[in-house]
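Just below is one structure, and these are the notes that go with it.
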Amino acid sequence: MTSFRFAVNVTPKPGILDPAGRAVEGGLGHLGLDGIHDVRIGRRAELTVDAVDEATARGIVERLASELLSNPLIEVFAVERLGAASSATSPAAVTAGEG
Amino acid sequence: MPVRIGVVVFPGSNCDRDTVHALALAGAEPVALWHEQATLEGVAAVVLPGGFAYGDYVRAGVIARFSPVMRAVSAFAADGGLVLGICNGFQVLAEAGLVPGALLRNASLRFAGQEVAIAAERLDTPFTHALARSGLLRMPVAHGEGRFYADEATLDALERDGQVLFRYVSPAGDPAGPDDPGNPNGSLRAIAGVMNAAGNVAGLMPHPERASEAILGSDDGFAIIRSLVESAARAATEPGPTAVAAGSR
């Protein structure tokens, strides 16, 4: 088994009203920032999966992302691979991978 | 013998006792069902109460959806069993795909804790048959994520098939648009409650159990509780399909 580190980025589907994004846009003037628009606020999960290979690990992450971390009616997700694969038998390496 | 109605208790449920109280007032024998149990103890109907199941982390209702009791509730619903979700219970049903749509963050970004007026679209369902013919129903809402959302095609289908059960309305009784003060969360088409296509599973954001006695300021919600209890009693004595198929009005 090898440990694989992933991130899952979840954002509101295009076209869905994102009141949090609007609130951020509303605050931009107070920051003195210009030229920013279409702010969309989402969430990000980072996690480690132990699996025989990266494709298997990615499959597990995609299931988690589609069934729990995102709701396909209202959100889209993207899976991102983080860092290099590290051996699960080497705790130091796993820790480093999580850093 | 009073009909037994289950009230699911998730960690974070906080309207379970109010719901138990209202069901008992309506003549039922409420049965608390812990989220880790995999059976429903033979109840004739199930209520998913309000609260913040599992802290509402990630999205309201999504973690509750994977609990053992929800597997049993899904099987019960698939068999035609009566299920009512109130507030957080509605969010759990939506996340589980047992009712259509999703409940998004309130458009205002503020927690909505206020009295609202809703109107039932149908009076021929297991959840609304005891309602008086006319008028507005006043009851509280208390939620941060209650903005009903579905895509346009789904909204059209829900209206066509009679699956819209309740709408937020203005004092004049008209549907309260997303920017109307009568619509507490910006719900599309003012939808406050929906049913599944089979008509045996319903969810709503307002709290009928908190408006079930005059001393609470309104007892307009009690007819919804009474509808469920009467429908469950019928289901218990006459096994077989009890649901009113959506679209049969």
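Each chain gets a letter, A, B and so on, in the order the sequences are listed, and its residues count up from 1. The figures that follow rest on heavy atoms only: side chains count, while hydrogens, waters and symmetry mates do not.
- Of all heavy-atom pairs spanning B:Arg59 and A:Ile74, the tightest one is CD-CD1, 4.1 Å.
- The shortest non-hydrogen separation linking A:Ala23 to B:Leu109 is CB-CD1, 3.5 Å.
- No more than 12 heavy atoms of other residues, nucleotides or ligands lie within 6.0 Å of CZ in B:Arg110, so this atom counts as exposed by the packing criterion.
- Taking all atoms of both residues into account, the shortest heavy-atom contact from B:Gly101 to A:Leu73 is O-CD1, 3.4 Å.
- Of the possible donor and acceptor atoms, one in the side chain of A:Arg43 sits under 3.5 Å from a partner among the backbone N and O of B:Val58.
- Heavy-atom neighbours of A:Arg22 CZ from other residues, nucleotides or ligands within 6.0 Å: at or below the threshold of 12.
- B:Asp151 does not touch chain A: none of its heavy atoms, backbone or side chain, sits under 4.5 Å away.
- If you tally non-hydrogen atom pairs under 4.5 Å between each of A:Leu17, A:Asp18, A:Val10 and chain B, the highest count goes to A:Leu17.
- Few gaps surround CZ on B:Phe66; more than 12 heavy atoms of other groups in view lie less than 6.0 Å from it.
- Note: B:Ala107 leads B:Ala107, B:Ala94, B:Gly186 in heavy-atom pairs under 4.5 Å with chain A.
- Contacts between A:Glu67 and chain B at a heavy-atom distance below 4.5 Å involve backbone atoms as well as side-chain atoms.
- Across all non-hydrogen atoms, the minimal contact from B:Val62 to A:Leu68 is CG2-O, 3.6 Å.
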